Amino acid sequence: MPYRTIIEPFRIHTVEPIDFPDEDRRRAALERVGYNVFGLHADEVIIDLLTDSGTGAMSTRQWAGIMQGDESYAGSRSFYRFRDTVAEITGLTEVIPTHQGRAAERILFAVTTNAGDVVPNNTHFDTTRANVEYQGAEARDLVIPAGLDPAAEHPFKGNMDVDALEATIEEVGRDRVPLVMVTVTNNSGGGQPVSMANLRAVREVCDRHGIPLFLDACRFAENAWFIKLREPGYADKTPIEIAREMFSLVDGCTMSAKKDGMSNIGGFLAMNDPTLAQECRNLLILTEGFPTYGGLAGYDLEAVAQGLWEALEEEYLRYRIRSTEYLAEKVAAAGVPIVKPPGGHAVYLDAKALLPHIPPSQYPAQALACALYLEGGVRGVEIGSVMFGKPQPDGTEIPAPMELVRLAVPRRTYTQSHIDYVGEVMIAVAEKAGDLRGLRMVSQPPWLRHFTATFEPL
Ligand SMILES: *Cc1c(COP(=O)(O)O)cnc(C)c1O
């Protein structure tokens, strides 16, 4: 039905009221939280696009599954349903539940990575980078050059630069590369997909050097849909067939079930190597829980098991990817600079292009995120020099390659009119761009500073 509106493939079953703080309240809230929208109370936000992580609406079937959760400490029925689902979708044999994606990352890197190692990725997500660096290793981003150019139109801007990967392995030596990781879709790089051909090429390099390849699989279903839409030879394949092919090219994966697990919490670490899995489970017991629950309730495991299948439904994916594209088209038509083409789960505003008068040292994307909140109570997140700038001993910083504000769309949560409103707010802020001022960072913690750093306007 190409000429009909692509509608939400669900009806609303339970509603949650939204608060409407006025502009004075929003201004006061911004001051109170030191111009960091992570500090806002959710009730102070009108449309919350901070993240698509764990913020989606669950289905009637997921809630029904929750009622069937088996809370046995060991060997719960819900664990086996979860394990079998993950194994059926990924083909990976060792399935380790974790409370969310970063727990899977922490365990994987603690077991595989040593100080001085280098971990290549297309673009590390913030928690992935922090977990690599916490081991004293280097997290190296090797996305293709088009992936760093917001205006470049490329069907798979999340692809890894295979020559750069080869060069990195040559430079540091195979022994210092414990694993290669590919993030699908490339969240920090604009939610851009990775092609099957690229995954296959990365696999070949890894095989040649005997290096394991892991997928950061958080949005594996969205990535599969992009492959279906854009990669020759995949148009007639189903999302599950494409997902299985993606997973067949890797030795393991980390997963946040708060994304394409369609759940409010959960994650897993999966792999084929039983020895490595045993080491991971030993650490899991120390910090997360017994291997048949991994820090989750039995009912969470049920919600994830059901959610993983729902993420692969064609009607859902068609709506999901189209609704993000719809917001992108609306603001791009008004001349607002965004990362093109739009990613699967989010629209990324290009703050460098919109606010050329604010240098990276004054955090243009942070200023833009604050302006969106002030204008219309819309909360997005900075993905720029606050998140990825590198402080130097002399007090200066190496800026991030891009200054973006991500507006992530929670799954099955907002309707088209909510999204129309968001578009209006974005356009209104863009019209006032010349009046926006930069920020000065007042305080920051040692890790993941974007969550809690505070600022003042310049
Ligand atoms: C969300 C996310 C993670 C971390 O998952 P959490 O469940 O938030 O800990 C890792 N990688 C990517 C690409 C993500 O989007």
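Keep in mind the model is a prediction, meaning the values are calculated, not measured. Indexing begins at 1, ligand by ligand and atom by atom, following the structure's order.
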Quick check on C218 - does any of its heavy atoms sit under 4.0 Å from an atom of ligand 1?
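Contact present.
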K157 bridged to D149 by N-O distance under 4.0 Å:
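No.
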Roughly how far, to the nearest 0.5 Å, is CZ of R322 from CG of L327?
10.5 Å
Which distance, rounded to the nearest 0.5 Å, do you find between the NE2 of H124 and the CD of E133?
8.5 Å
Please step through side chain to side chain donor-acceptor pair (under 3.5 Å) for the pair S188 and R129, ending with a clear verdict.
CA-CA 11 Å; S188 300; R129 167 172 293 280; over 6 Å; no
Min N/O separation T183 to ligand 1 under 3.5 Å
no
Could you tell me whether T185 and ligand 1 have an N or O pair separated by under 3.5 Å?
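Between T185 and ligand 1, no N or O pair is found under 3.5 Å apart.
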Any chance the side chains of E310 and S59 put a donor and an acceptor closer than 3.5 Å?
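Per modelled atom types, E310 and S59 side chains form a pair under 3.5 Å.
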Which ligand 1 atoms does K258 reach within 4.0 Å, using its non-hydrogen atoms?
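Per the distance check, 7 (O).
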Output the list of atoms in ligand 1 that are nearer than 4.0 Å to some heavy atom of D216, sorted by atom number.
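That gives atoms 10 (C), 11 (N), 12 (C), 13 (C) of ligand 1.
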What protein heavy atom is closest to atom 1 (C) of ligand 1, reported as residue, atom name and distance in Å?
K259 NZ, 1.4 Å
Identity and separation of the nearest protein heavy atom to atom 4 (C) of ligand 1:
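Residue, atom and distance for the closest contact: T127 OG1, 3.5 Å.
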Does the side chain to side chain donor-acceptor pair (under 3.5 Å) test come out yes or no for E382 and Y363, once each step is laid out?
CA-CA 9 Å; E382 195 257 17; Y363 309 115; over 6 Å; no
One residue to check: R102. Relative to ligand 1, which of side chain, backbone, both or neither has a non-hydrogen atom less than 4.0 Å away?
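Contact part for R102 vs ligand 1: both backbone and side chain.
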